[in-house]
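Presented below is the structure to which this report refers.
Given the structure is predicted, the values throughout are model-derived calculations rather than measurements.
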Amino acid sequence: MTFIDVIQKERQELLRSICRNGSQGNRSHSAISKFVLDRIFVSDKHKILFCQTPKVGNTQWKKVLIVLNGAFSSIEDIPENVVHDHDKNGLPRLSSYSMADVRERLNSYFKFLIVRDPFERLISAYKDKFVHNPRFEPWYKHNIAPVIIRKYRKDRSEIRGGLQFQDFVRYLGDPNHRFMDLQFGDHIIHWVTYVELCAPCEINYNVIGHHETLEEDAPYILREAGIEKLVSYPAIPPGITKYNQSKVEYYFSKVSKRDIKRLYDRFEGDFKLFGYKEPTFLFR
């Protein structure tokens, strides 16, 4: 058994033990709903299921599956605007199958997902959708941000300017966030929990990749799925996957301890299930 096999076994055992002990309640359990099945992309040709966890390098994995499914012959040939266009990318979602076919695939296909430190993922979602905001996704800045600001901005005299990170944290940590989530539709996939996205206690994933160890995990996933000779994972820029505590401290420096605690309460299942340390440095 190689070192990476041991790591994978430990990740699986930790996940199963947290799922079983029930201490996390609904923070670790989620029904296999249409919302979850919508997140899972299928390669029938190679019997693979991939659960999408946005802001964790998912675009590259979607490219891998697009090539495997035969829509394009190489990753370099795929135009960026096609990757997320589900009419053109040739990637069926598990939700498009009958319940019998869903069950059969969940039972027999190779299944994987990738996770990263939950708070670092939220920072990435905030920066990508509300600060840098791509031109082709104007609704985050123009539709979603104003709704969050109106409800959660502490100082109402400061309504001008974009969404601040502390507004975003207040929304996410609000126990009643679901009402707002419904208004935002599927855009919430960029910041809801891994539990809500992928139901890891209900679906038995074969491999759990970590963004922080992607250099080792990506080739391992390709090998375990039996596709390492057919496609390779795109080159990973140096240092991009490393956990950055000072960045987390910087973004949370203006957030109140109460709001951080409420946010952690919501995401605690993600931290515990996937072996991420509680960010105690933020509670001091």
Taking all non-hydrogen atoms of both residues into account, name the closest pair between R153 and R170 and its distance.
CA-NH1, 4.2 Å
Check: Y251 side chain, S246 main-chain N or O, donor-acceptor pair, under 3.5 Å:
no
Say whether, by atom type as modelled, one donor and one acceptor occur between the side chain of K257 and the main chain of R284 under 3.5 angstrom.
yes
Under 3.5 Å: donor-acceptor pair, side chain of R105, backbone of L94:
no
Any donor-acceptor pair under 3.5 Å from K111 side chain to Y109 backbone:
yes
Stepwise side chain to side chain contact (heavy atoms under 4.5 Å, CB included) test for C201 and V195
CA-CA 8 Å; C201 285; V195 170; over 6 Å; no
Hey, can you tell me if Y126 and F165 have their rings parallel, tilted or perpendicular (30° and 60° cut-offs)?
perpendicular
Report the C-alpha separation of D44 and Y97 in whole Å, then their side-chain angles, then the decisive distance to 0.1 Å, and conclude whether the side chain to side chain donor-acceptor pair (under 3.5 Å) test is met.
CA-CA 11 Å; D44 280 324; Y97 294 76; 2.6 Å; yes
Hey, what do you get for CD1 (I40) to CG (L106), rounding to the nearest 0.5 Å?
6.0 Å
Please check if the side chain of S43 supplies one atom and the backbone of L65 the other of a donor-acceptor pair under 3.5 Å.
no
Any ion pair linking E196 and R178 (charged N to carboxylate O, less than 4.0 Å)?
yes
Look at the aromatic rings of W191 and F184 and report parallel, tilted or perpendicular, splitting at 30° and 60°.
perpendicular
Checking salt bridge (charged side-chain N to carboxylate O under 4.0 Å, His left out) for the pair E80/K63: CA distance, chi angles, key distance, verdict?
CA-CA 9 Å; E80 284 300 318; K63 288 178 182 174; 2.8 Å; yes
F130 and its ring-ring contact (aromatic ring centres under 6.0 Å, His included) partner, picked from Y171, F168, W139
F168
Decide, yes or no, whether a salt bridge links K261 with D265 under the criterion of side-chain N to carboxylate O below 4.0 Å.
yes
If you define the side chain from C-beta out and look only at heavy atoms, does anything of L222 sit under 4.5 Å from V64?
yes
On the 0 to 90° scale, with breaks at 30° and 60°, tag the Y140-H190 ring pair as parallel, tilted or perpendicular.
perpendicular
Determine whether a donor-acceptor pair (N or O, by modelled atom type, separation under 3.5 Å) exists between the side chain of S96 and the backbone of P92.
no
Is any side-chain heavy atom of C198 less than 4.5 Å from a side-chain heavy atom of V36?
no
Pair D167 + K151: basic N to acidic O under 4.0 Å
no
Using the rule given for side chain to side chain donor-acceptor pair (under 3.5 Å), can you reason through D77 versus S73, listing the C-alpha separation, both sets of side-chain angles and the distance that settles it, and then say yes or no?
CA-CA 7 Å; D77 294 342; S73 56; 3.1 Å; yes
Provide the closest heavy-atom pair for D85 versus N81 in the form atom of the first, atom of the second, distance.
CB-O, 3.5 Å
With a 4.5 Å heavy-atom cut-off, do F283 and E278 have their side chains touching?
yes
L197 and C51: which non-hydrogen atoms are nearest, and at how many Å?
O-SG, 3.7 Å
Hydrophobic clusters here meaning ILVMFWY residues chained together by side-chain heavy-atom distances under 4.5 Å, can you tell me if I203 and M99 are in one?
yes
Taking R20 for the side chain and L15 for the main chain, is one N or O donor matched with an acceptor at less than 3.5 Å?
no
Salt bridge E212-K242, side-chain N to carboxylate O under 4.0 Å:
no
Are the side chains of Y220 and V207 in contact, using a 4.5 Å heavy-atom criterion?
yes
Check step by step if ring pair (Phe, Tyr, Trp, His ring centres under 6.0 Å) holds for W61 and F41.
CA-CA 10 Å; W61 285 109; F41 295 102; over 10 Å; no
Quick check on side chain to side chain contact (heavy atoms under 4.5 Å, CB included): which of D186, V192, N58 does R39 satisfy it with?
D186
S98 side chain reached by D101 side chain, heavy atoms, under 4.5 Å
yes
Minimum heavy-atom separation for K141 to V131, with atom names?
NZ-O, 3.4 Å
Result of checking Q8, M1, K9 against D5 for side chain to side chain contact (heavy atoms under 4.5 Å, CB included):
M1
In this structure, NE2 of H29 is separated from CD of E202 (nearest 0.5 Å) by 6.0 Å
Q12 side chain to Y205 main-chain N or O, any donor-acceptor pair under 3.5 Å?
yes
Which pair of non-hydrogen atoms, one from L14 and one from K272, has the smallest distance, and what is that distance?
CD2-O, 3.6 Å
How long is the span from the CG atom in L122 to the CG atom in L263, to the nearest 0.5 Å?
6.0 Å
Does a side chain donor of either D181 or H177 reach within less than 3.5 Å of an acceptor in the other side chain?
yes
Got S30 and F35 here, is their nearest side-chain heavy-atom distance under 4.5 Å?
no
With side chains defined as the heavy atoms from C-beta onward, is the minimum distance between F274 and R11 less than 4.5 Å?
no
Would you tell me whether T213 and D217 have side-chain atoms, one donor and one acceptor, within less than 3.5 Å of each other?
yes
Give the ring-plane orientation class for Y264 versus F271, where under 30° counts as parallel, over 60° as perpendicular and anything between as tilted.
tilted
Would you call I114 and I221 a side-chain contact if the rule is heavy atoms closer than 4.5 Å?
yes
Enter the distance from Q60:CD to L214:CG here, rounded to the nearest 0.5 Å.
9.0 Å
Which heavy atom in N69 sits nearest to a heavy atom in G90, and how many Å separate them?
ND2-O, 3.2 Å
Would you say the side-chain atoms of K62 and H84 include a donor-acceptor pair closer than 3.5 Å?
yes
At what distance, to the nearest 0.5 angstrom, does CD of E215 lie from CD1 of I240?
10.0 Å
Using the ring of each side chain (for Trp, its six-membered ring), is H210 parallel, tilted or perpendicular to Y276, with breaks at 30° and 60°?
parallel
Has E120 got a side-chain atom pairing as donor or acceptor with N244's backbone, closer than 3.5 angstrom?
yes
Quick one: pull up CG in L172 and CG in D259 and give me the separation to the nearest 0.5 Å.
10.5 Å
What do the steps show when you test D38 against K34 for salt bridge (charged side-chain N to carboxylate O under 4.0 Å, His left out), and what is the final call?
CA-CA 6 Å; D38 274 345; K34 183 183 182 296; 2.8 Å; yes
